[in-house]
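To start, the structure under review is shown below, and the notes come after it.
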Number of protein chains: 2
Amino acid sequence: MGTGWCQRITNRSRALGVKAMKKVQKKERQKYLEKHSISELFSFPVEEYIEVHEYRRDEWIIREGMRPDYLYYVIEGKAKIYMTYQNGKVSLINFINAHDYIGEMELLNEVYYTKGIQTSTKTVCFAIPLHHCRNQMLGDIIFLRELTKFLSMKATQMAAKYSQSLAFPLENRLADFILQTADGDIYREKHVTVCDFLGVSYRHLLHVLANFCEKGYLHKSGRQYWIEDRERLQELAGVSRNG
Amino acid sequence: MGTGWCQRITNRSRALGVKAMKKVQKKERQKYLEKHSISELFSFPVEEYIEVHEYRRDEWIIREGMRPDYLYYVIEGKAKIYMTYQNGKVSLINFINAHDYIGEMELLNEVYYTKGIQTSTKTVCFAIPLHHCRNQMLGDIIFLRELTKFLSMKATQMAAKYSQSLAFPLENRLADFILQTADGDIYREKHVTVCDFLGVSYRHLLHVLANFCEKGYLHKSGRQYWIEDRERLQELAGVSRNG
DNA sequence: AAAATAATATGAGAAATCTCATATTTTTGA
DNA sequence: TCAAAAATATGAGATTTCTCATATTATTTT
């Protein structure tokens, strides 16, 4: 993926630098624990063991290929899941938001190829150390039921995205994406991220966006787009959704 | 999807006919239960409640949009997961094989859009009635741990397929698919199924297959293809896989 | 065994999407 | 604050993939 690819690589290698996650301690840690209590998700006193990790923008929570030592639960921020192919191609697989788990695959499966996870904003996670809590978690009915739900939704969502990606041209997928990520009537995701996520070239993404403007679905002003014809976008997006 | 689409629709509507699943009883039921014991997957005596359902080729185990009354565990046979879009387009999402669960989404989630599941060979399932066992299953640590593993693998697999589908042209995905489904050196999946699964038109699939023959990767004889250059196919497929 | 249906097959033009080249503007890091 | 890197932007030709048209061959149903 010509241009897009290079841009991504340089971006990512930059981020391999010396930044480091910060362990939040004492009072501040306590504040987070109180504000986002997750004790009801466990039947053992997990809060004793929880570390609070704070990551800056573009930091890696997990490096691709390295097994994490924690199960993470995101309480603030956004991150992206990346995966590198053998030919060096890098692809954005999904977004991670507050209330998502990270590292649950590694908790459950002995054998698992770990994907890379990079923050896209400042991100705060609860980090539950596996060496202390692994067995307790795997024997905790409340937690497992919770995790099972999370995973089933994740699997469903991926399945939907997968067949959607195969079955429809960018026009439909982009309409869907715009509606999902727009802030009110304003859409302003970064093109480089989006073309990565939707698996199309930068060039083509711009082409279809321009096309949307021409047709009056969007109006471009500076670096952002106003949604002008929501109905039409919903129609385009709807085609690719199921009941 | 012109031709392909029509072919599929007619195929599917035919299968909406009067066939019906058969409940296997008594001795035969007992035989299945003994041969494929799943009691170690549960900590309650699930076998009392299990029904054994037998489906013929092309029967629907679950109709799209209808919540099932059972959690199924496949013990013999193969099936396909389908999903219909609002514009009538139908897409094959995945294959189901022995030892897969069916209906776990509905067990876990109150709200879930049920996909259609159609057998492609004679298929035998254990059917665990939800109205009897739902609560017991959701409180069963052994079962939940098992299910969680299953779901995590499913989610991972979908994620891999998804990004693969976006990131590579048919050439790579088809090479992968051929290697995965070939019986020794012989490949003979039905084109209509394959183009559905890989999300490409029938025409294009044939085109790429012909291309593989031209280049000497495959040799066509009658209705099947011999793998002539496995290494090259692995190379093509490998590119799209991760460590 | 005949008729109907599904699957396979192939050509040709059109649409979607990619690659490459290159320029400008914005953001980031030293 | 200045240089480097990243993001945005646009044109043009090349590839991939789709649609439509139309035959032929297998399989299923009657």
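Chain A is the first sequence line, chain B the second, and so forth, proteins listed ahead of strands; every chain is numbered from 1. Note that the coordinates shown come from a computational prediction; the quantities given were computed from them, not determined experimentally.
Heavy-atom minimum distance, B:Ala159 versus A:Ile93: CB-CG2, 4.1 Å.
Scanning for side chain to side chain donor-acceptor pair (under 3.5 Å) contacts around A:Asp229 gives an empty result, with sequence neighbours left out. Remark: A:Arg29 engages no residue in a side chain to side chain donor-acceptor pair (under 3.5 Å) (not counting sequence neighbours). Considering only residues two or more places apart in sequence or on other chains, A:Glu28 meets the side chain to side chain donor-acceptor pair (under 3.5 Å) condition with none of them. For A:Tyr217, the ring-ring contact (aromatic ring centres under 6.0 Å, His included) test picks out A:Phe212, with sequence neighbours left out. Applying the ring-ring contact (aromatic ring centres under 6.0 Å, His included) test to B:Tyr112 and every residue at least two apart in sequence or in another chain returns nothing. Every residue two or more places apart in sequence or in another chain that forms a ring-ring contact (aromatic ring centres under 6.0 Å, His included) with A:Phe197 is listed here: A:Phe95, A:Phe177. By the side chain to side chain donor-acceptor pair (under 3.5 Å) test, B:Thr156 is found to be paired with no residue, residues two or more places apart in sequence or in another chain being considered.
In this structure, the CG atom of B:Asp58 is 15 Å from the P atom of D:dT27, given to the nearest Å. Atom pair B:Leu174:CG and D:dT16:C1' shows a separation of 14 Å (rounding to whole Å applied). A:Leu166 places its CG atom 18 Å from the P atom of D:dT16, with the value rounded to the nearest Å. Distance B:Arg56 CZ to D:dT28 P: 14 Å, rounded to the nearest Å. Atom P of nucleotide C:dT8 and atom CZ of B:Arg203 are separated by 14 Å, given to the nearest angstrom. Look at CG on A:Asn211: it is 14 Å from P on D:dT10, rounded to the nearest Å. D:dC18 atom P lies 10 Å from atom CG of B:Leu205, rounded to whole Å. Atom C1' of nucleotide C:dA12 and atom CG of B:Leu206 are separated by 15 Å, given to the nearest angstrom.
One finds a side-chain N or O of B:Arg57 lying less than 4.0 angstrom from the OP1 or OP2 phosphate oxygen of D:dT28.
Note that the two end axes of the helix from C:dA1-D:dT30 to C:dA30-D:dT1 enclose an angle of 60°, each drawn from 5 base pairs, rounded to 10 degrees.
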Output a table of nitrogen or oxygen pairs between the protein and nucleotides 14-17 of chain C separated by less than 3.5 Å.
unit_1	atom_1	unit_2	atom_2	d
C:dT17	OP1	A:Leu170	N	3.3
C:dT17	OP2	A:Leu170	N	3.3
C:dT17	OP2	A:His204	NE2	2.8
C:dT17	O5'	A:His204	NE2	3.2

Let me have the donor-acceptor pairs involving side chains of residues 65-76 of chain B, under 3.5 Å, with sequence neighbours excluded, atom names and distances please.
unit_1	atom_1	unit_2	atom_2	d
B:Arg67	NH1	B:Glu110	O	3.0
B:Arg67	NH2	B:Glu106	O	2.8
B:Arg67	NH2	B:Asn109	O	2.9
B:Tyr70	OH	B:Glu51	OE1	2.9
B:Tyr70	OH	B:Glu51	OE2	3.3
B:Tyr73	OH	B:His99	ND1	3.2

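Sorted by first and then second residue, the salt bridge (Lys or Arg N to Asp or Glu O under 4.0 Å) pairs involving residues 153-170 of chain B (not counting sequence neighbours) are B:Glu104-B:Lys154.
Inter-residue side-chain proximity for A:Glu54 and A:Lys122 is flagged as met; some heavy-atom pair is nearer than 4.5 Å.
Listed by residue number, A:Lys220, A:Arg223 are the residues of residues 214-227 of chain A with a heavy-atom contact under 4.0 Å to DNA chain D.
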